[in-house]
Protein chains: 2
Amino acid sequence: MIQLDRDDPLADYRDRFVLEEGLIYLNGNSLGALPREARNRAAEVVEQEWGQGLIRSWNRHDWVSLPTRVGDKVAGLIGAAPGEVVVADSTSVNLFKLAAAAIRMRPGRCKIVSEPGNFPTDLYMLQGLEGFLQGEVRLETAPREVLSSHIDEDTALVVLTHVHYKSGELFDMAAITARAHEVGALMLWDLSHSAGAVPVDLNGVGADFAVGCGYKYLNGGPGAPGYLFVARRHLNDIHQPLSGWFGHAEPFAMRDDYQPADSIKRGLCGTPGVLGTAVMEVGVELQASADMSKVRAKSRRLGELFIQLVEAHCEGMGFALASPRDAERRGSQVSFTHQHAYPIMQALIARNIIGDFRAPDILRFGFAPLYVRHVDIWDTVQALADIMATGEWDAPQYKQRSAVT
Amino acid sequence: MIQLDRDDPLADYRDRFVLEEGLIYLNGNSLGALPREARNRAAEVVEQEWGQGLIRSWNRHDWVSLPTRVGDKVAGLIGAAPGEVVVADSTSVNLFKLAAAAIRMRPGRCKIVSEPGNFPTDLYMLQGLEGFLQGEVRLETAPREVLSSHIDEDTALVVLTHVHYKSGELFDMAAITARAHEVGALMLWDLSHSAGAVPVDLNGVGADFAVGCGYKYLNGGPGAPGYLFVARRHLNDIHQPLSGWFGHAEPFAMRDDYQPADSIKRGLCGTPGVLGTAVMEVGVELQASADMSKVRAKSRRLGELFIQLVEAHCEGMGFALASPRDAERRGSQVSFTHQHAYPIMQALIARNIIGDFRAPDILRFGFAPLYVRHVDIWDTVQALADIMATGEWDAPQYKQRSAVT
């Protein structure tokens, strides 16, 4: 393991994050670690830009351009071009903007297609849209195996998450996008669990829209803004209903009538969250500075190693792989089911090994390639085997559920 | 002036903000100043909560409750009860949520009434809703003088801003709310330019809904989250369409079907912006610690003094009062028109006196009672008179427009 870490071309990145001595953090797919530089940036934005610059910082520190500037940096990570991505609001809000706009681009079509078990907030937002439009559109979910057959001439939009949040399974973006286009539907990808850890080529696959999260592999900080992508060919046709002043062609003219910007800025709504966006920029830059082919290679290696070791050292202990075995079909996370998944994860956390539990029975381990080491994988599996062998997981304190599980 | 500052019961608050020596900041109605404590809080959230606590901070530092905890503190400033306010998203997004929900609570009614010249993003959001619903509802704007007659049995919702962003004029919340209810319409107030500087009594006037901004008089930081209020009597009936996972009854159960929380949490959408919300909490607490009757008294006094001094010292220089003269009918800001408003404001800014310009011809001065002194008013008017008398405003460098004006 030590040799693998020594040979790791990304090994130097670890030092650019704050990671407590002794902590093994396998939850970067849920909340990425703190880049050292983000501490300085936060202090700078608060003290200099807000405290000293005050209102003048809209110009002086170019707060006005934050959503597009950081958006362009995200674009580089997801196969988008500059001018196709803005950073703003939350992933959920961005999904609503694009889904609402998309159904108006396909009048007469009444279906939005997704899969059951998709990232919950995505389904919830689509249900919100469905309810609000009172039957004008309906959300239809179908399992992966039969999904294609549900995408038909009645379909306005297909909404899927590239990497499944529980299983880590990857969709074939090119094939599904092509299927959607074949019947004249639009395609919206949620990249929350892939961007930054898995190569994404939105323009390569011809995607229409995408959204994603700033605080997972992009290390943007807790509740960092999300982002949205609109393919350049749609920029003039998209009319998203959350048409706030920052999406206006001339926001500071403060006229009564909304006139959308003739650029990706029309994807914006209210005043950008300056603090959150500025801090997120650090994480995005750090991620963008890494060679994606090396990131992906390490991510696959970590996942393979983990599966191998769990199956070797925890054999017969009740774990079953819940992620694709084939690294080609897997994002940067590996899940195992176990009937006692919850207390087992609590026992790991008590040993300072942080993965997470997903109801009802999933232990999920995320491998952020910039800061997870091979030795962390080894240590985690040794701890897991020990927790099982000694019955440590069965202690009463590990069974008490907390608000966030 | 010095005596007035000495007698000011709020004088001690000024030291709790970071304000550069020599700066006169009359733009707290646009972006409030930095509370000293907010610097510490930002560092704490970044370093301890994110950096050390990582994903565990959802429980350990109770990130889960941030939107309601800060919401309850805002509630105290606007005459709402605990459990009626959440802090989240932007003012614009919150307006959309509530306006969309409101029109579904008044089926068959097709009008949303507002006024021309309302805070632009409010009109834009309502236009976005109107466009999205393709004629099902329409936005009707009518000037204040005749507004009441436009509120009729066809009206689902009335949306107005309590204090006008340009003129500082106050609406009579009780009278307009009563008028809306008289015809069975719902009432939504935007408190962005009043909360924290003007007494607001949402429940006293029987308001149905409200939204507001975190970064003006609440001193929450640039692009801080907004908030929304739903009167308790509507909590079970409101179905806002931006139904993201944080509005779910059990967000962490991660089920496929949306089930709204049976509380104000159903006003939430995506993951809260932890950094922005935590920092905003400091500003809200600071504001909430001040006695509102003293805040209002000082605000009136500063405004009256300013009007008096401008009219005495700048007589015949082309300024005309663009705010109500009667302090009863005015928020915590005073505007004057001048045909050369833009370069005059630039000349003031060059002297480190920060107000702002609003197209086409308005000089706007905001008086945040917690940190603006009487002596600042005196100095501002002396500078203004001097800039006019010497022709300083006419220098070419003050005529160049910047992105944010």
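Numbers restart at 1 for each chain; the letters A, B, ... are given by sequence-line order, proteins then strands. Source: prediction; values computed, not measured.
No other option in A/Gln134, A/Arg36, A/Lys166, A/Glu136 has as many heavy-atom pairs under 4.5 Å with chain B as A/Gln134. Between chain A and the residues B/Gly226, B/Ser30, B/Gly221, B/Gly276, the largest count of heavy-atom pairs under 4.5 Å involves B/Gly221. By number of non-hydrogen pairs under 4.5 angstrom with chain A, the leading residue of B/Met125, B/Glu49, B/Glu47, B/Gln259 is B/Met125. Ranked by heavy-atom pairs under 4.5 Å with chain A, the first of B/Gly273, B/Pro241, B/Gly270 is B/Pro241. In terms of heavy-atom pairs under 4.5 angstrom with chain B, the leader among A/Ala43, A/Gly131, A/Pro116 is A/Pro116. If you tally non-hydrogen atom pairs under 4.5 Å between each of B/Gly247, B/Gly214, B/Ala100 and chain A, the highest count goes to B/Ala100. Of the residues considered (A/Gly117, A/Ala224, A/Ala38, A/Pro260), A/Gly117 shows the highest number of contacts with chain B, using heavy-atom pairs under 4.5 Å.
For the side-chain contact (heavy atoms from CB on, under 4.5 Å) with A/Leu275, the qualifying choice from B/Val46, B/Val45, B/Leu275 is B/Leu275, the only one to do so.
Heavy atoms closer than 4.5 Å to chain B are found in the side chain of A/Ala42, but not in its backbone. Within the 4.5 angstrom heavy-atom criterion, no atom of B/Glu250 approaches chain A. Only the side chain of B/Asp89 comes within contact range of chain A, judged by heavy atoms closer than 4.5 Å. For a residue to count as touching a neighbouring chain, one of its non-hydrogen atoms must lie under 4.5 Å from one of that chain's; by this rule A/Glu130 does not touch chain B. Interface residue B/His248: only side-chain heavy atoms are found under 4.5 Å from chain A. Using a 4.5 Å cut-off between heavy atoms, A/Leu126 makes no contact with chain B at all. For A/Tyr215, the part sitting under 4.5 Å from any heavy atom of chain B is the side chain, from C-beta outward, and nothing else. In this structure, the portions of B/Ala33 lying under 4.5 Å from any heavy atom of chain A include both its backbone and its side chain. At a 4.5 Å heavy-atom cutoff, the contact between B/Ile103 and chain A is made by side-chain atoms alone. Looking at A/Asn27, only its side chain comes within 4.5 Å of chain B, counting heavy atoms on both sides. In this structure, chain A has heavy atoms under 4.5 Å from both the backbone and the side chain of B/Arg39. Only the side chain of A/Ser90 comes within contact range of chain B, with heavy atoms under 4.5 Å apart. If you measure heavy-atom distances from A/Tyr165 to chain B, the contacts under 4.5 Å come from the side chain alone. B/Ser243 touches chain A through backbone and side chain together, each having a heavy atom under 4.5 Å away. With a threshold of 4.5 angstrom between heavy atoms, B/Leu95 does not approach chain A through any atom at all. Only the backbone of B/Pro272 has a heavy atom closer than 4.5 Å to any heavy atom of chain A. For B/Asp257, the parts lying near chain A are the backbone and the side chain together; criterion is any non-hydrogen pair under 4.5 Å.
Side chain of A/Gln52 to main chain of B/Val18: no donor-acceptor pair is present (N/O by atom type, distance under 3.5 Å, no hydrogens or angles). For the pair B/Gln240 (side chain) and A/Gly128 (backbone), a donor-acceptor distance under 3.5 Å is absent. Counting only distance, with no hydrogens or angles, the side chain of B/Tyr124 and the backbone of A/Arg255 share a donor-acceptor pair below 3.5 Å. Counting only distance, with no hydrogens or angles, the side chain of A/Trp50 and the backbone of B/Gly32 share a donor-acceptor pair below 3.5 Å.
Side-chain contact check for A/Trp245 versus B/Thr91: every heavy-atom pair is 4.5 Å or farther apart. Side-chain contact check for A/Phe132 versus B/Leu133: some heavy-atom pair is nearer than 4.5 Å. A heavy-atom distance below 4.5 Å is not found between the side chains of B/Ile354 and A/Leu54.
The CG atom of B/Leu242 sits 9.5 Å away from atom CG of A/Leu129, with the distance rounded to the nearest 0.5 Å. Separating the CD1 atom in B/Ile55 from the CG atom in A/Asn29 is a distance of 8.5 Å, to the nearest 0.5 Å. Interatomic distance, B/Lys216 NZ to A/Thr271 OG1, rounded to the nearest 0.5 Å: 7.0 Å. Atom CZ of B/Arg56 and atom OH of A/Tyr25 lie 8.0 Å apart (nearest 0.5 Å). Rounding to the nearest 0.5 Å gives a distance of 5.5 Å between CG of A/Leu31 and CH2 of B/Trp63.
A perpendicular orientation is assigned to the rings of B/Phe96 and A/Phe96, their planes being inclined by more than 60° (bins at 30° and 60°).
Here the closest non-hydrogen pair linking B/Cys269 and A/Val93 is SG-CG2, 3.7 Å. Taking both residues in full, the closest heavy atoms of B/Ala253 and A/Ala359 are given as O-CB, 4.4 Å, listed atom of the first, atom of the second, then distance.
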